[in-house]
Structures are given as C-alpha cells and as structure tokens.
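Before any comments, here is the structure.
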Amino acid sequence: VNGAAAFDRELTLPEVVRGLPLDRVAAALEMLVGAPVGIEDPTGRIVAGHAVPGGQAIPVELEIEPLGVLRVPAGRLQQGAAAAVLLKLLLHARAQVIRAGDLHASAMSTEYDALRQRHEALQQSEARYRELVQSLEERVRQQVALLDERQRQIYLAERLASIGQLAAGIAHEINNPTGFILSNLETGRRYLPRLHEFKAALAAGSPAAASWQRLDLEFIVDDLDDLLGDCIVGAQRIARIVRDVKGFSSIDRPDPEDVDLNAQLATVVAIVAAQKPAGVTLSEHYAEGLPRLLCLPGHLNQVFVNLINNALQAVEGREGGRVEVHTRIEGSDLRVDVIDNGTGIAPEVLPRVFDPFFTTRGVGRGVGLGLTVARDIVGAHGGRIELRSLAGPGTAASVSLPLTPTR
Amino acid sequence: MPEFDEGAGRLSFKLVYYGPAQSGKTSNLMQLHELLCAELKGELMTLETQSDRTLFFDLLPLGMRAPSGLLVKLRLFTVPGQVQHDGTRKAVLSRADGVVFVADSQRREASNNAEAFQNLAGNAARVGLDFERLPLVVQFNKRDLPDIAPQAEILARYAATPWPVTFATATRGEGVAESLARLLEAVYRRHDADFGLGARHGLSAEAFVQAFVGSVRVTM
C-alpha cells in the first residue's frame with residue numbers, strides 16, 4: 001500500500017529480538033535451567049547465551065513456524081522446556097508489538113496521505129477564493145469609479161439644466177422687449193424721410209426756414225438716421241445672442257439628436273468669442289460635408305466651451321495669441337481639435353489634468369471639473385479626449401467621437 | 001494472492017474477519033482458537049483494549065500438511081470495527097485471500113452492517129482487491145439476542161448474491177467453525193487450479209476444510 005513494512009510479513013528471529021536485552025534474557029534463562037544455554041537461529045548461529053556442545057535443541061516457534069531453538073545440556077531437559085515456554089511467550093509478545101507498530105505506521109502513513117490530499121484540495125479551493133476576493137476588490141473599485149463618473153454627470157446635468165433654465169428664462173424676457181425695440185426703431189427710421197420732405201416744402205426766407213436753420217435740424221435729422229441705424233444693429237445683436245444662448249443650452253432638448261457638429265461649434269464660438277481677450281485671434285476651420293452626429297448637443301457644447309475657454313486663458317495677454325478650432329473626419333470618427341499657441345501644459349501636470357478637482361488656477365477661477373466633466377461627456381458618447389503639449393509653445397486638445405456610438 | 005514460498009514449502013492464506021464495531025469478530029477468533037483441532041495451531045495474538053475493542057488486529061495462525069508435504073498455513077486476522085480506524089482496516093485488509101463479514105443480527109444494527117459492508121467493498125477496491133472474485137462469507141452473529149432479523153428474511157435478502165450466509169452465536173462457539181468452513185471451500189475453489197492443490201499436492205477440498213475445522217455440523 002505504501003512505503004511502510006507490511007505488518008503481516010513473516011518475522012525472523014533477528015527481527016523479533018532486535019531491541020531486547022538478550023544478554024539479560026539468556027542470563028535469566030541460565031539461572032532457571034541452572035546451566036549454560038544457547039539461543040540459536042534456525043541455521044544454528046548463536047544469537048545469545050553460550051555454545052552448549054552436545055546439548056539438546058528445544059524448538060521455539062512463532063505463529064506455528066520454527067523461529068529458532070533453545071539449546072540446553074542433555075541432563076536439563078525438563079528445566080529447559082520450561083525456559084523454552086517463557087522464551088516463546090516473550091518472543092510472541094515481542095512479535096505482537098512489532099506487528100502492531102508496523103500496522104500503526106502503515107495506517108498512519110495511509111491516513112497522512114489522505115489528509116495531505118485533502119489539504120491540497122483545500123489549499124486549491126482557498127486559492128480560488130483568494131482570487132475571487134481580489135477580483136471582487138477590483139470590481140468594487142471599477143464600480144466606485146463608475147459611480148463617481150455618474151455622480152459628476154448628474155452634477156453636470158443639473159448645472160446645465162439650471163443654467164439652461166436661467167438662460168431660457170432670460171432669453172424669453174429679453175426677446176420680447178428686444179422685439180418691440182427693434183420694430184419701433186425701424187419704424188422711427190422710416191419716419192425720417194418725412195422730415196426731409198417737410199424741409200423741402202418750407203419757403204426760403206420764411207420764419208420756419210430760419211428756425212430750421214437756427215436749430216441745426218439738418219444735422220439732427222441726418223445724425224438721427226445714424227443713431228437709429230446703430231441702435232438697430234445693436235438690437236439685432238442682442239436678438240442673435242439670445243437665440244444662440246437658447247440654442248446652446250438645449251434645455252428643451254434632453255434627448256439625443258442628429259446635429260451638424262460644425263453648426264454647433266459655430267454657436268459655441270459665437271458665445272465664447274464675446275468674452276475673448278483683446279488681441280487674440282479665434283479662427284474656425286470646419287471640414288465640409290461632415291456627416292451628422294447623433295449626440296446630446298447641450299452636453300457636447302459644454303465640452304467645447306470648456307476646451308475653447310482653456311485655450312483662450314492659455315493665450316491671454318500674449319502677443320499674437322491664436323486659438324484655432326478644427327473639425328475633420330478620421331476613419332469612423334468625427335474629430336474636433338482646439339489648438340492654441342499659449343503657455344502649454346507642464347509635463348508633471350499633464351497626467352493629472354483629468355483628475356476631479358485638480359486645478360492650476362487660483363481660488364475662485366475654477367473648481368477643477370472642466371476637463372473631468374469633458375472627459376465624462378465624451379466617454380458617454382463612446383469617444384476619446386486627449387490633451388498634448390505641442391513642440392512649439394501651445395496645447396492641442398482633441399476630441400474623437402464615433403459616428404456609431406458603442407455605448 | 002496467497003503467499004507461496006517454494007523454498008520453505010509453504011503456502012499461506014490471509015483470511016480477514018471484517019464487520020461493524022462489536023459485531024463479534026474477535027469472539028470468532030477466540031472460539032476458533034478454542035474449538036479447532038488443526039494440526040498446527042498457534043497462539044492467538046490479540047490486542048483488545050480494556051473496553052473490549054480491537055485497536056489494531058487479532059491474529060490466529062493455523063497450519064496443516066498436504067500429502068505432498070506442503071505446509072498450508074492460514075492466518076486469520078480481525079480488523080478494528082470502529083469507524084475512525086479506517087486506515088488500520090485498509091492495511092489489515094490488503095492482500096487478503098478471503099473475508100468473513102461478521103454482521104450483527106440485531107435489527108437496530110442493520111444500518112451499521114450496511115455501512116460496514118460498503119466500507120469493505122470500498123476498501124477492497126482501494127487496496128487493489130477484486131471484490132467480485134474475492135471469496136466472501138457473510139455471517140449473521142448474535143443469534144441468541146432478542147429482536148433479531150429472522151433467518152428466512154436474511155436468506156431471502158441474500159438469495160440474489162453469490163455469497164454464502166451463515167448464522168452464529170460466537171460467544172457460545174456456535175456457527176463459527178461452519179463460517180470458516182464455508183470460506184475455506186470458496187478459497188479452495190478460487191485457488192485450486194492456480195496452485196495445483198488437488199493435482200500436485202493431493203489435497204482435496206474436503207481434506208483441506210477438514211484439516212482445519214474437522215467435520216462441521218451444518219446448522220442452518
């Protein structure tokens with residue numbers, strides 16, 4: 001069964017007497033017999049005691065097999081037989097201990113093997129559980145990150161919604177007065193030719209003509225035309241800005257829509273350009289024939305506002321500051337690049353720009369969510385956003401949006 | 001397989017008394033030691049603990065001479081019946097040439113009998129014995145106790161199996177020699193051809209059985 005000696009093997013005399021104080025056994029037997037005796041194995045070799053020439057051999061058996069002989073002097077046969085019985089019982093007891101010990105060893109080793117196998121099985125099972133625990137931690141980490149992202153999106157959506165509501169409300173309120181102001185201004189301007197007709201009708205040298213001359217109405221009528229014209233242009237600008245703000249916020253359009261990305265960007269640029277620092281050139285380079293993109297335009301607008309604002313801040317106060325907005329098709333993606341020739345991004349800062357609440361701006365100038373939110377929104381559209389410092393001074397921000405979103 | 005030592009002129013069979021705890025395996029051996037008048041009968045080696053439970057094994061060696069001079073030796077072993085000594089049971093069972101399964105006739109022991117029999121079949125496979133061909137006798141012991149399964153019921157249950165069933169009251173020596181006789185018949189059948197017991201050694205089945213157990217009165 002295993003490496004241990006078989007407990008039921010045939011035992012030999014040397015095996016049985018191993019460990020026995022044979023000298024003392026032989027001495028005791030000699031005292032009983034009253035003469036020298038010899039314990040011999042079946043081949044006649046003396047194992048203990050003395051050579052007994054001409055002595056009588058009394059067989060000593062173990063388990064019905066001859067194990068050896070006890071040789072006693074011929075005249076001591078009766079005492080010798082008694083001594084042989086004692087020796088036989090001693091060896092029998094000895095054999096019993098050997099067999100029990102061997103059986104015990106064999107059983108232990110069998111049980112040990114079984115235990116070891118079970119232990120190995122347990123260890124494997126433990127390893128599986130440990131792996132499970134580890135992957136569980138990883139999954140929890142991913143879930144937490146996802147929850148964080150969702151939370152930021154909710155924050156952004158709420159912010160967009162409140163801005164949108166405010167903008168829509170203001171736009172509505174401004175729109176009405178702007179409408180009648182514009183209408184009245186144009187009506188007023190149409191009245192001006194009548195003043196010219198009135199002047200032509202005045203007789204030269206009449207008191208009325210003298211008054212016209214004295215009050216310099218000739219100049220006033222001309223200037224009024226200019227003033228009204230300027231006012232009309234101003235009111236038209238107000239009306240256009242209001243329209244852009246409404247389009248930008250998309251508060252009334254929460255579902256994905258098919259849009260022309262170029263048009264969206266043009267709206268965004270129109271709004272952002274109002275706050276652009278003096279001396280900065282903001283140029284638009286749109287690819288023609290851009291396919292329409294299914295997206296959340298209000299959310300994507302927020303991304304572009306954030307990127308263009310960043311670019312404008314990077315070139316603020318620089319001679320020849322320049323910000324370019326590009327669109328193009330790249331494989332199955334629409335790509336938007338916002339490129340500036342500003343301060344660029346320090347290498348140690350670059351890996352952290354998308355981290356939530358990371359900002360290089362002073363207190364009150366940004367909470368550090370602009371790019372985080374931009375990345376989340378682009379991610380929600382299945383796209384990628386990337387910032388890199390350019391070889392010359394400046395930064396390029398690229399947004400790739402798949403035409404067929406993956407999620 | 002039996003151990004055949006050609007030089008020593010000895011053929012040795014290992015027979016094992018198997019069964020649930022305290023079904024009377026050691027009692028079988030003690031009675032055989034008393035009853036049998038085999039040509040050669042060794043000391044009974046027994047390792048009972050104070051609570052009458054076998055811790056390791058019991059061993060009763062018996063021997064006879066075939067007409068050819070061959071020494072035919074039987075070594076009867078018992079296993080410890082208690083469940084926890086399974087490692088010891090396996091070691092004792094290995095290399096067995098025949099088994100007497102000692103069952104307890106009391107009705108409340110039925111499930112212990114079944115469990116021990118399953119354990120025998122399982123361990124036989126584990127130590128490499130061909131259980132289908134292993135000579136086996138089933139002994140229902142303790143026939144003197146109340147609330148025992150009736151003989152007819154037991155015989156009906158075992159009618160479909162290849163194993164002889166015997167009934168015994170080992171404490172009184174009843175049925176123990178017969179159980180051994182039935183096992184020896186099976187052992188002879190199994191190994192006669194392999195070792196030329198009849199042909200080469202002039203040993204018939206009857207002579208083989210009788211040499212150990214004398215003329216057994218069959219009590220069924």
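Residue numbering restarts at 1 for every chain, and letters A, B, ... go by the order of the sequence lines. No hydrogens, no waters, no symmetry mates; every other heavy atom, side chains included, goes into these values. The structure displayed is predicted, hence computed values, not measured ones.
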Under 4.5 Å from a heavy atom of chain B, the part of [X] involved:
X       : result
A/Glu61 : neither
A/Gln96 : both
A/Ala95 : both

Against chain A, label [X] side chain, backbone, both or neither, depending on which of its atoms sit under 4.5 Å from a heavy atom there.
X       : result
B/Arg89 : neither
B/Leu93 : neither
B/Leu71 : side chain

Validation row: A/Asp8, B/Phe57 side chains within 4.5 angstrom (heavy atoms): no
Side-chain heavy-atom pair B/Val92, A/Leu103 within 4.5 angstrom cut-off: yes
Counting heavy atoms not belonging to [X], are there more than 12 under 6.0 Å from its [atom1]?
X        : atom1 : value
B/Met30  : CE    : no
A/Gln123 : CD    : yes
A/Arg139 : CZ    : no
B/Phe131 : CZ    : yes
B/Glu6   : CD    : no
A/Gln78  : CD    : no
A/Gln151 : CD    : no
B/Glu132 : CD    : no

Name the member of B/Gly63, B/Gly87, B/Ala8 that forms the most heavy-atom pairs with chain A at distances under 4.5 Å. B/Gly87
Residue from B/Glu43, B/Lys41, B/Arg75, B/Glu3 scoring the most non-hydrogen pairs under 4.5 Å with chain A is B/Arg75
Ignoring hydrogens, what is the shortest heavy-atom contact between [X] and [Y]? Give both atom names and the distance.
X        : Y       : value
A/Thr110 : B/Lys90 : CG2-NZ, 4.0 Å
A/Glu63  : B/Leu59 : OE2-CD2, 3.5 Å
A/His92  : B/Leu44 : NE2-O, 3.8 Å

Spacing of B/Ser12 atom OG and A/Glu65 atom CD [to the nearest 0.5 Å]: 7.5 Å
Check A/Glu10 with B/Lys73, please: is the shortest side-chain N to carboxylate O separation under 4.0 Å? yes
